[in-house]
Number of protein chains: 2
Amino acid sequence: MSVDEQRRPARVKRLPREVRERQILDAAVRVFSEHGYHNASMDEISEVAGVSKPMIYAYLGHKEDLFAACIRREATLLVEAIAGGVRAEAPPDMQLWHGLRAFFRFVGEQRESWRVLHRQATSQGGPFSEELMGMRGRAINLVDALLVRSATSHGVPTKSTEAMAVALVGAGESLADWWLDHPDVPEKTVASWLMNLVWMGLGDLVDGTSWVPTPE
Amino acid sequence: MSVDEQRRPARVKRLPREVRERQILDAAVRVFSEHGYHNASMDEISEVAGVSKPMIYAYLGHKEDLFAACIRREATLLVEAIAGGVRAEAPPDMQLWHGLRAFFRFVGEQRESWRVLHRQATSQGGPFSEELMGMRGRAINLVDALLVRSATSHGVPTKSTEAMAVALVGAGESLADWWLDHPDVPEKTVASWLMNLVWMGLGDLVDGTSWVPTPE
DNA sequence: CCCGTAGCCTACTGGTGAGTAGGTCCTGGA
DNA sequence: TCCAGGACCTACTCACCAGTAGGCTACGGG
């Protein structure tokens, strides 16, 4: 066994394109999430992926394209995770709860994906943030729809729900980041904090009558 | 009058160091906020500042130092603006309201500062984010303190206020960004949306019994 | 057995931008 | 009047890294 073979992605040879593309994307997400878009070098990505640089260019294109591909893949996973968590048959108030839980579950399980999406993609101007903002927009719309559905199910007209959705999404992002630094807090707890804050408000929280999810 | 003289900062000569440093910082904030840390070039900053590159190095040091100096200055201004807005004699619930308003006022007036702080500084790892996170931490502590004060003034023990503060700060950041794209909404309105969300919760919002600030 | 093609590499180039060497010129004090 | 030092500049160097030229090898079909 040579020295090389004990290194990271045991440099297997002649894999089908599909597989290589996945390996490259995985490596790219890792490296981008660690160093940020600009400080990530294509050389490092190629090394982590166990592939030479020209392969990346051949399969995924230029650095921007590669980054965009990462964003697209991870953002799609996130949005799908949330949408999948929201079960349509549940009562509207519960749907928000399920969405929140799905969100935090995703963040807990895919920290690197989350870092890339939240920290990196947001801060780069240009084509990415459009891509990403589109996804964020979809998330916000999803939340917005939940809010509206809740409100109308209570028979009340709503206003400024978009802004509420934006605030809620922002609170979620911020809390998710905080959670990364406090991993001992269980996912359900974080989710219920946010649900309480957002549904009952601090005023009620302070009164001690907080909203508690039904046991599952 | 030469061609050069009609350009941006009418290239005045032999100004005292103090003044130059301010000009350079102003330029740096503009350029960083526009292009982001990495895409901002020292050459462009020097051009916008109306000064040659070596001056920047002589006065503010390397690119990292310069960026850190921007962060420090702007973050201090922001925190001071909020702290100044929170009037100590007001009742605790009102202090939160005043803090929110001061925050949104700052964002509205200092868009570039806000962009640098929120978008850029957060996403760069390393020394900056420490600097910035320190400031963000101070903001969170400030909010946390307000929450605790509110709660105890109601005679209720509190828990997980730190997480609440984090969520609230995140909601504020997100809403501030949204506001940048919807400048026609008055500052007071945005602030009251967030106050409502956070104080009464969506549940009450939906009931139509929202919290309305007293006219000033 | 030969050749097309798909997987894969080493070894380069060229641009960009951080950082600097080495000066000039002006002002104010001795 | 002279000189110290601070304001200020032009014109570089040099490293890093995105992106590429030009190959080589293994497999499958004819």
Side-chain angles (χ1 to χ4, degrees), chain A residues 2-5 7-28 31-32 34-70 120 124-128, chain B residues 2-5 7-25 27-28 31-32 34-70 120 124 126-128:
Chain A
S2 82
V3 176
D4 271 41
E5 283 174 66
R7 291 200 308 171
R8 274 191 264 183
R11 209 133 231 190
V12 198
K13 35 172 198 168
R14 304 232 150 217
L15 296 176
R17 173 169 185 151
E18 241 185 318
V19 179
R20 285 296 190 212
E21 285 189 355
R22 271 206 38 202
Q23 291 180 343
I24 293 171
L25 281 177
D26 291 343
V31 175
F32 282 137
E34 194 174 348
H35 302 305
Y37 175 70
H38 272 280
N39 286 324
S41 75
M42 297 298 271
D43 287 284
E44 182 174 355
I45 294 174
S46 77
E47 195 186 336
V48 171
V51 158
S52 76
K53 221 175 2 156
M55 294 301 311
I56 301 181
Y57 283 88
Y59 285 168
L60 276 313
H62 291 200
K63 195 181 184 184
E64 286 198 356
D65 305 325
L66 176 60
F67 188 63
C70 291
Q120 298 311 322
Q124 316 298 337
F128 321 128
Chain B
S2 83
V3 176
D4 271 42
E5 285 174 65
R7 291 200 309 172
R8 277 191 264 183
R11 212 133 230 187
V12 199
K13 35 172 196 169
R14 305 240 146 211
L15 296 176
R17 174 170 183 150
E18 239 186 317
V19 178
R20 283 297 189 214
E21 285 189 354
R22 271 205 40 202
Q23 291 180 342
I24 293 171
L25 281 176
V31 176
F32 282 136
E34 193 173 350
H35 302 304
Y37 176 70
H38 272 282
N39 286 326
S41 75
M42 297 298 270
D43 286 287
E44 181 175 355
I45 294 173
S46 78
E47 195 186 337
V48 171
V51 158
S52 77
K53 222 179 356 161
M55 292 303 309
I56 301 182
Y57 284 89
Y59 286 168
L60 276 313
H62 291 199
K63 195 181 183 183
E64 286 197 356
D65 305 325
L66 176 60
F67 189 62
C70 291
Q120 299 312 321
Q124 315 299 337
F128 322 127

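Values in this document were obtained by computation on a predicted structure and should not be read as measured data. What's counted below: heavy atoms across the whole structure, side chains too, no hydrogens, waters or symmetry copies. Chain naming here is simple, since letters A, B, ... match the order of the sequence lines and numbering starts at 1 in each.
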Once you round it to whole Å, what is the distance between [atom2] of [N] and [atom1] of [X]?
{"X": "B/Asp43", "N": "C/dG15", "atom1": "CG", "atom2": "P", "result": "17 Å"}
{"X": "B/Ile56", "N": "D/dC9", "atom1": "CD1", "atom2": "P", "result": "10 Å"}
{"X": "A/Lys63", "N": "D/dC17", "atom1": "NZ", "atom2": "P", "result": "9 Å"}
{"X": "B/Met55", "N": "C/dG19", "atom1": "CE", "atom2": "P", "result": "17 Å"}
{"X": "B/Phe67", "N": "C/dA18", "atom1": "CZ", "atom2": "C1'", "result": "16 Å"}
{"X": "B/Tyr57", "N": "C/dG17", "atom1": "OH", "atom2": "P", "result": "12 Å"}
{"X": "A/Leu15", "N": "C/dG7", "atom1": "CG", "atom2": "P", "result": "10 Å"}
{"X": "B/Ile45", "N": "C/dA18", "atom1": "CD1", "atom2": "P", "result": "8 Å"}

- Task: Check every strand shown and say whether B/Met42 touches a base, only sugar-phosphate, or nothing at a heavy-atom separation below 4.0 Å.
- Result: sugar-phosphate
- Message: Please pick, from D/dA21, D/dC9, D/dG19, the nucleotide with the shortest atom-to-atom distance to any side-chain atom of B/Val51.
- Response: D/dC9
- Item | Side chain of B/Ser52 (C-beta onward), nearest among D/dA21, C/dG7, D/dC8 | D/dC8
- Query: Mind checking whether B/Tyr37 and B/Phe67 have parallel, tilted or perpendicular rings, split at 30° and 60°?
  - Reply: tilted
- Query: Can you tell me if the side-chain N/O atoms of B/His62 get under 4.0 Å from OP1 or OP2 in C/dA18?
  - Reply: no
- Does a nitrogen or oxygen in the side chain of A/Arg14 sit under 4.0 Å from OP1 or OP2 of C/dA6? no
- From the options B/Val51, B/Leu25, B/Ile56, select the one residue that forms a side chain to side chain contact (heavy atoms under 4.5 Å, CB included) with B/Arg20. B/Val51
- Please figure out whether B/Pro16 or B/Lys53 has its closest DNA chain D nucleotide nearer the 5' end. B/Pro16
- Message: Closest-nucleotide mapping onto DNA chain D: is B/Tyr59 or A/His38 further toward the 5' terminus? I mean the 5' end.
- Response: B/Tyr59
- Query: Distance from A/His35 atom NE2 to A/Ile45 atom CD1, nearest 0.5 Å?
  - Reply: 9.0 Å
- Message: Is there a salt bridge (Lys or Arg N to Asp or Glu O under 4.0 Å) between A/Arg22 and A/Glu18? Walk through the geometry before answering.
- Response: CA-CA 6 Å; A/Arg22 271 206 38 202; A/Glu18 241 185 318; over 6 Å; no
- Task: Mind running side chain to side chain contact (heavy atoms under 4.5 Å, CB included) on A/Met55 and A/Leu60 for me, showing each step along the way?
- Result: CA-CA 8 Å; A/Met55 294 301 311; A/Leu60 276 313; over 6 Å; no
